[in-house]
Amino acid sequence: MYEITSEQVPSVAFDTIRRVESSGDILKDYGSYLLDESKLSHQGAECLFFPTTEAELSAIFREMAKRGVKVTLSAARTGIVGGAVPYGGAIVSLERFDKVLELRYDRSTREWLVRLECGVTVRDLNTWAMKKNFPGLYENGSPETKRFLQEYREDHATYFYPPDPTEMGAALGGTVSTNASGARTYRYGPTRNWVRWMRVMLASGEVLEIPRGKYFATPAGEFTVIDSNGSETTIKVPTYSMPKTKNAAGIFSAPNMDLIDLFIGSEGIFGAVTQAEVALGRWANPISIVLFLPSDDKAIEFVQLLRSEKGLHPEFIEFYSASALDFLRIKQKEDPKTVGMPIIPDYAEAAIFFDIGFDPEARDNDYSMLEALALECGSTLARSWAGYEQRDLERFKEFRHLLPETTNAIIAERKKRIPELHKLGTDFAVPDEALEEIWAFYKSKLEGAGLEWVAYGHIGNNHIHINIMPRTIEEMHLGLSIYREFAKKAVSLNGTISAEHGVGKIKKEFLSIMFSDKDLEEMKAVKRALDPGLMINPGTLLDIVRKNEDTRLRKTGS
Amino acid sequence: MKILVCVKQVPEITDVTINPETGTLMREGVASILNPFCEYAMEVALGLKRQQSGIELVAISMGPPQAGSALMRCLEMGADRATLLSDARFAGSDTWATALTLAEAIKRIEGDFDLIIVGKQAIDGDTAQVGPEIAEILGLPGIMYAVGVELAPDRKRARVKREVESGYEIVEMRLPGLVSISKGPMIRSVSSFQEILDARKKELRALSASDLELEQDKLGLHGSPTQVVEIFPPLVKDRGELIDGSDAEAATEKAIAFLREKSFI
Amino acid sequence: MLNVDTDRCTGCRICEKICPFGAIAVVDKVAQVQANCTLCGACVSRCPAEALSIERRRASEEELRSFSGMFIWGECEERAGKLIPKKVVKELLSQGRRLSDKLGQQLSVVVLGDGRLTGLDTLITYGADRVIRCRHRLLSRFTSEGFTSIVSALISKEKPSVFLFGATPHGRELAPRVAARLQLGLTADCTGLDIDEKGQLVQTRPAFGGNIMASIVSPYTRPQMATVRPNVFSVGEPDSSRKGDIEDFKAALSPASIRTKLITAEQLADEGGVGIEDADIIVAAGRGCRKKENLALIQELADALGGVTAGSRALVELDWIPHTKQVGQSGLTVGPQLYIAVGISGAIQHLVGMSSAKTVIAINKDPYAPIFKVADLGIVGDAMEIMPMLIKKLKK
């Protein structure tokens, strides 16, 4: 059906909610709430709230609406496009929404489902799922949940939560709102594929409870939201089509779409996801392999071959360009223990890192087809690192995350001297066929610009990160202009300007490369329908003003 | 030349926790790993194997069938072959029975060794006894707490750098002999995928008690002169005062007052 | 083998709950023993149906009675050209005195060395009834083979019931070699010693990295051997009125029996000649100190308090500190008056090495760090901010 009714949430006195009420105090003692991982400069906040229940959150929304104060949603603040960075107004931190609520097995879909509050981190969810121990669930769960917990523990298979953003400290609500992706999206798809149900609080303070598979847009592309007083609002779903790649840019749209997908990836501008139910995937005992190759081009060739090899199902495929390996070599010299791996061999010009299934007990493993692929690309399985024990998988994973962490740290250092600097990371993805072309384009623009850069990333999804590390403001502007060219090229190849990071406040100009003014108006129409006061997450995703306000677009700083 | 490395599989102790109410060990989800000190012993042995030609490296372990995966790791690292001593009759072995069983196996199947390298201690037992006991049973000289081993050109002696309380000693030992290793490389080594695949083609065999022809009463619990009579959780001291250090000024004032009160200043 | 009498077993699951290792489970209403059973016997006495039993070897009472007396290895160290008994010997004497009084048996200290041996009468004032001294030029420095020969020969002659060793690097080599030669039971790193109603030595020690404690006996081998770490027991009060004998033990020892040779020795600088095992004030650093350069602050704090520096195993692995400063299960045990743990999480393997400290202060960013469980004063904060301020205040 296309009609959904929002429910009122029991009220709670606004004054009882824990808060910090002066912008001075926030700046002095809670400064970390004004920033996220993007290091984007904030514009201050006049109050900071710490609700612990939907009732408290609802009271906050209603009071802020009354006072005409904008609200920026926040939790783990791990986003890298400034989504949690306030531009004045109030910050609402959902970090206290940290409980596991339920575990159940759906016999029809044969999935284990976990229901959680939005502040639980992806790391904790994963650890609990794999260790089969959900804190508080046994003590506080219903008898049915206890039965399921017992069944879960007796189930011999290991389960995990597949979406694996590089920053696993991200809050679940944030990953749902941004449709977060990670390396494993290559095999398992983005967050969208794993969300089965949610509760989202609208600006009105009322909550929509949306199971997947229940609410669908009409043939005309419309939903109707009815509030507890009976007033109806019509939402018109945008009419553009999504790119054929992993995508985190713009509002989701498809004919006859499921309502839940409207909220996933909307970056919180339609409301706050307070709870979500996600499915768990089965852990296929993997082995991590880093194969060293003689050049970037050979590495790309290897990726194409690996993808088309029928017998292998990589969990993910990651790329290290020559620039990335050199960068890591320097880091290894400075601080070998942080890199935690043996010295990168001299013959390694590029590397492809992938996980495939592996049975350590089997004696007759045949990976001759993999050796054949390696040989074709000028390498061999003897020129690799591999590990399958849990602690080796962890170690390889830390190695995978080292590059983004290191480049972030460098920007943070440089930002101390030049506060206007921020990280420039590309997030463009293209369809499989266009991989060679976009890589050639990237290289041709970067070589000769004299900038410091590294290239690496989720090459399985044709999603290569180019991290430019500007040393001056001029370099940052040069980098930005190069990125704009990259964005246009990616879009021209039917790709996306944000495969993973989202748009937030930093990537809005790229959004207009990918979507026309008409498309953006359609997105704004949905926003106006669900949040007429334009209260939630100002400055994120869309530059939008109330229809009777000044029509000049507010320039948001960056 | 033949070098033997005796290894043990242990639980990842840092992950083991104790249920404070029941006093039982919570071992769910705790991985089994090659004992870190045994891995250091392998690294030292591999170092020697790489430096010189004609060295055969054999890994041996006594344990339940799953300990085969620790031996597999040794093969992946570069051991030439491995032997697992596994039998229900070995259960309950204390360090003496363990050392006796290993020594017997060594005498029987690898008696022509030149050097035995072991790890200083296992992180679940922490006794550091099996190494010296094997040396004694086999009648070998031994050097413990080694951090580096070099072979003399004639391969009849080993020169070992080892830790002592005040620093280091260089000690020379005639071979055959035994060395126990107390420190390894800063970064654990990584095998290539080819080495992992090749390891599975190397010889990894299992021997039982009957293969060793040891008398029943020398094995397992019967053969163990020490017996555990009680297991209990350690006493937890009462927690002292915990203060918030985010205000360093106030926290350090409290610390100074505390030190003064206890007459340290 | 742990035997289950299936006729008696009622499937009540008490054994399942008692077992510390999860090694027994009731399946189809009968207890089944798993492969990881360590035969510790925890379940046997608790089974209400008496369905569980472990067969253990028994030694004859007569055999056991022929062994009498408590021996302590009087390990010596070189100081100013002399060989003097180490502090750990006095710690063992205070415990040994208590235990031999309980047993009603004689307490002797065995000292090996050469003509430089001195200070042996203090062993009497600290509780020994007798000192057995063996002097030989081949005993001028410790070799495991030489010392094992003498100690084993002495045991065969004297037949003591108990033999205690300090769990020093030398002790941890000597004791197992003696035990192996004579086929005896040996318990390492005991933190507790007592005599039970059968007159047996009950040896208590940490196991599983320190997560649990085990009590152990050696029922049918004599002497019962145990090693004890330094700083676990305290030194008792000396009594200069005590009387005792110093005897000489003549032993044959040939150079052929010693197959190791010292080539060189490298001494690492000690702070004012005080090793961490003897220090009264210790400031210890852990991984929370983040950078090697930050260890300078640790040194400054130690200097300001008149103490020495130490560290956790992690820092030794990083080569930031030498092994001589490592506190923990695979390092040294310390027993200072004051122990300040900076950036140390307090994993049980570390706690085992410093639990004898009288007063503990801990500084760590993580409020749930286990170190706070043993700290008398815990500060939750950034050590790199707190230390400079603390140092400044101390210097005033």
Side-chain angles (χ1 to χ4, degrees), chain B residues 13-14 16 18 24-25 27 64 91-92 99 121 123-124 126-129 132-133 136-137 141-145 163-174 186 221-222 225-234 236-237 239-246 248 251-252 255-256 258 262 264, chain C residues 20-22 35 37-40 42 56-57 144-145 169 172-173 176-177 180-181 184-188 208-209 211-219 221 259-268 317-318 323 329-330 338 347 359 372-381 385-386 389-390 393:
Chain B
I13 287 292
T14 45
V16 170
I18 188 162
T24 55
L25 288 168
R27 293 185 63 175
Q121 62 199 61
I123 60 175
D124 57 353
D126 285 312
T127 65
Q129 282 170 202
E133 287 183 340
E136 182 61 33
I137 295 170
I143 302 176
M144 314 297 152
Y145 296 92
E163 296 170 346
V164 292
E165 274 154 321
S166 53
Y168 295 100
E169 282 179 354
I170 310 281
V171 183
E172 194 176 84
M173 171 176 81
R174 248 176 280 146
M186 204 191 310
L221 184 73
H222 278 304
T226 59
Q227 323 246 308
V228 176
V229 293
E230 202 191 336
I231 302 257
F232 56 93
V236 179
K237 188 171 146 172
R239 190 186 267 250
E241 199 195 335
L242 200 61
I243 60 180
D244 180 2
S246 50
T252 46
I256 299 281
F258 179 82
K262 301 263 176 192
F264 287 113
Chain C
F21 304 100
C37 170
T38 63
L39 297 159
C40 76
R56 298 184 191 270
R57 244 188 68 177
S144 57
E145 291 180 285
R172 289 176 113 217
E173 223 189 304
R177 288 203 83 132
R181 183 167 297 194
L184 306 174
L186 167 65
T187 304
F208 272 94
N211 279 296
I212 52 172
M213 303 297 288
S215 286
I216 297 163
V217 296
S218 302
T221 57
R259 292 167 290 177
T260 57
K261 184 169 78 176
L262 176 67
I263 306 289
T264 56
E266 179 197 327
Q267 191 114 341
L268 292 176
E317 288 184 342
L318 285 167
H323 64 273
Q329 185 80 310
S330 58
L338 175 64
T359 303
F372 289 128
K373 285 203 206 109
V374 301
D376 298 292
L377 175 67
I379 305 177
V380 181
E385 273 176 31
I386 293 174
M389 203 165 287
L390 193 55
K393 292 194 182 177

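Numbers restart at 1 for each chain; the letters A, B, ... are given by sequence-line order, proteins then strands.
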So, taking the atom named [atom1] in [X] and the one named [atom2] in [Y], what distance separates them when rounded to the nearest 0.5 Å?
{"X": "B:S246", "Y": "C:I379", "atom1": "OG", "atom2": "CD1", "result": "11.5 Å"}
{"X": "C:R172", "Y": "B:Y145", "atom1": "CZ", "atom2": "OH", "result": "4.0 Å"}
{"X": "B:E241", "Y": "C:L377", "atom1": "CD", "atom2": "CG", "result": "6.0 Å"}

Can you find a heavy atom in the side chain of [X] that is under 4.5 Å from one in the side chain of [Y]?
{"X": "C:T264", "Y": "B:Y168", "answer": "no"}
{"X": "B:E165", "Y": "C:P169", "answer": "yes"}
{"X": "C:L186", "Y": "B:T226", "answer": "no"}

Taking every non-hydrogen atom, the tightest pair across B:P141 and C:R177: C-NH1, 4.0 Å
Closest approach of B:A255 to C:L390 (non-hydrogen atoms, all atoms of both residues): CB-CD1, 4.0 Å
For [X], which atoms come within 4.5 Å of any heavy atom of chain B: side chain, backbone, both, or neither?
{"X": "C:S144", "value": "side chain"}
{"X": "C:S330", "value": "both"}
{"X": "C:E145", "value": "side chain"}
{"X": "C:A214", "value": "both"}

Contact part of B:Q121 toward chain C, heavy-atom cut-off under 4.5 Å: side chain, backbone, both or neither? side chain
Verify the distance criterion only: is there a donor paired with an acceptor across the side chains of C:K393 and B:T252 at less than 3.5 Å? yes
Sequence neighbours excluded, the answer for salt bridge (charged side-chain N to carboxylate O under 4.0 Å, His left out) partners of C:D376 is B:K237
